[in-house]
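Counting starts at 1 for both ligands and their atoms, in listed order. Heavy atoms only: backbone and side chains are in, while hydrogens, waters and symmetry mates are out.
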Amino acid sequence: MTFLELAKERYSCRKFSEKPVEQEKTAKIIQAALYAPTAVNKQPFKIFEINSNDSIEKLKKATPYTFNAKEFLIVGADSANSYVRNFDNKNFAEIDASIAATHIMLEVQDLGLGTTWVGYFDEDILKSEFPQLANYNITAIFPIGYPAPDAEASPMHDKSKTREEILIQNL
Ligand SMILES: Cc1cc2nc3c(=O)[nH]c(=O)nc-3n(C[C@H](O)[C@H](O)[C@H](O)COP(=O)(O)O)c2cc1C
């Protein structure tokens with residue numbers, strides 16, 4: 001499969017089957033994050049794995065978007081250990097963490113699994129339930145699983161802007 005085919009095939013999966021995610025697949029997903037480029041190679045992110053019933057119940061207090069998944073990865077940006085641009089003090093932690101998160105999302109797809117990038121969560125509740133997250137800006141929560149047989153893309157999936165809308169050429 002080409003990269004373009006993978007990118008086209010991906011959609012936000014919001015319905016999972018009962019089949020558990022194999023640990024080897026989770027390991028590959030983490031490896032994909034480790035291959036992500038980051039500013040000045042600071043790699044200022046952490047990945048938190050959640051898969052116990054107790055922890056999933058805690059996670060549900062912070063977001064309604066868990067989709068009955070049994071495996072979750074949370075990406076946190078570490079802005080205390082990231083590149084800061086000297087011209088304007090722009091901190092690259094969340095950009096870097098987003099690249100790692102994108103690698104995660106696409107590796108999930110490549111492994112035949114599904115996920116949705118969840119950005120709708122209460123970060124304060126999340127951190128009170130999981131104190132280990134305290135020093136990170138939470139970039140994404142990924143519920144991960146095998147797509148249910150009747151999983152399908154939402155109507156939003158097909159609403160792409162046109163090339164003309166996003167491309168400004170020959171500046
Ligand atoms: C940064 C970000 C945050 C998102 N947050 C949520 C979310 O909280 N809940 C959800 O159901 N989908 C969420 N999505 C998924 C988007 O709604 C989805 O990517 C978009 O509608 C396009 O659909 P597609 O991913 O199926 O192509 C998020 C996506 C991104 C990139």
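One N or O on the side chain of K70 and one on the backbone of N68 form a donor-acceptor pair closer than 3.5 Å. The main-chain N or O of S98 is found under 3.5 Å from a side-chain atom of T102 such that the two form a donor-acceptor pair.
Residues satisfying the side-chain hydrogen bond (donor to acceptor under 3.5 Å, both in side chains) criterion with Q169, sequence neighbours excluded, are absent altogether. Among residues two or more places apart in sequence or in another chain, the ring-ring contact (aromatic ring centres under 6.0 Å, His included) test is passed with Y136 by F48.
No donor-acceptor contact under 3.5 angstrom links the side chains of N91 and S79, judged on distance only.
At under 3.5 Å, not a single nitrogen or oxygen of A153, backbone or side chain, sits near a nitrogen or oxygen of ligand 1.
Atoms of ligand 1 lying under 4.0 Å from at least one heavy atom of M156, given by number and element, are 21 (O). Those atoms of ligand 1 that come under 4.0 Å of a heavy atom in F67, given as number and element, are 11 (O). Interface atoms of ligand 1 facing Y11, defined by a heavy-atom separation under 4.0 Å, are 26 (O).
In this structure, the protein non-hydrogen atom closest to atom 10 (C) of ligand 1 is R14 NH2, 3.6 Å. In terms of protein heavy-atom proximity, atom 2 (C) of ligand 1 is nearest to W117 CD1, 3.4 Å. Atom 24 (P) of ligand 1 has H157 ND1, 3.4 Å as its closest protein atom, hydrogens excluded (heavy atom only). Among protein heavy atoms, the minimum distance from atom 26 (O) of ligand 1 is reached at S12 N, 2.9 Å. The protein heavy-atom contact nearest to atom 9 (N) of ligand 1 is Y65 CD1, 3.4 Å.
Using a non-hydrogen distance threshold of 4.0 Å, F121 does not register as a contact of ligand 1. A heavy-atom separation below 4.0 Å is found between R10 and ligand 1.
In summary, K60 and E57 engage in a salt bridge, as defined by a charged side-chain N under 4.0 Å from a carboxylate O.
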Exercise. List the steps, then state whether side chain to side chain contact (heavy atoms under 4.5 Å, CB included) holds for T139 with F45.
Key: CA-CA 9 Å; T139 304; F45 62 87; over 6 Å; no
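The parts of V118 lying near ligand 1 are both backbone and side chain, judged by heavy-atom distances below 4.0 Å. In Y120, the parts holding a heavy atom less than 4.0 Å from any atom of ligand 1 are both the side chain and the backbone.
The presence of a protein heavy atom under 4.0 Å from atom 6 (C) of ligand 1 is confirmed.
Residues K90 and V84 fail the side-chain proximity criterion, which asks for heavy atoms closer than 4.5 Å.
Remark: I144 CD1 to K25 NZ distance equals 11.5 Å, nearest 0.5 Å.
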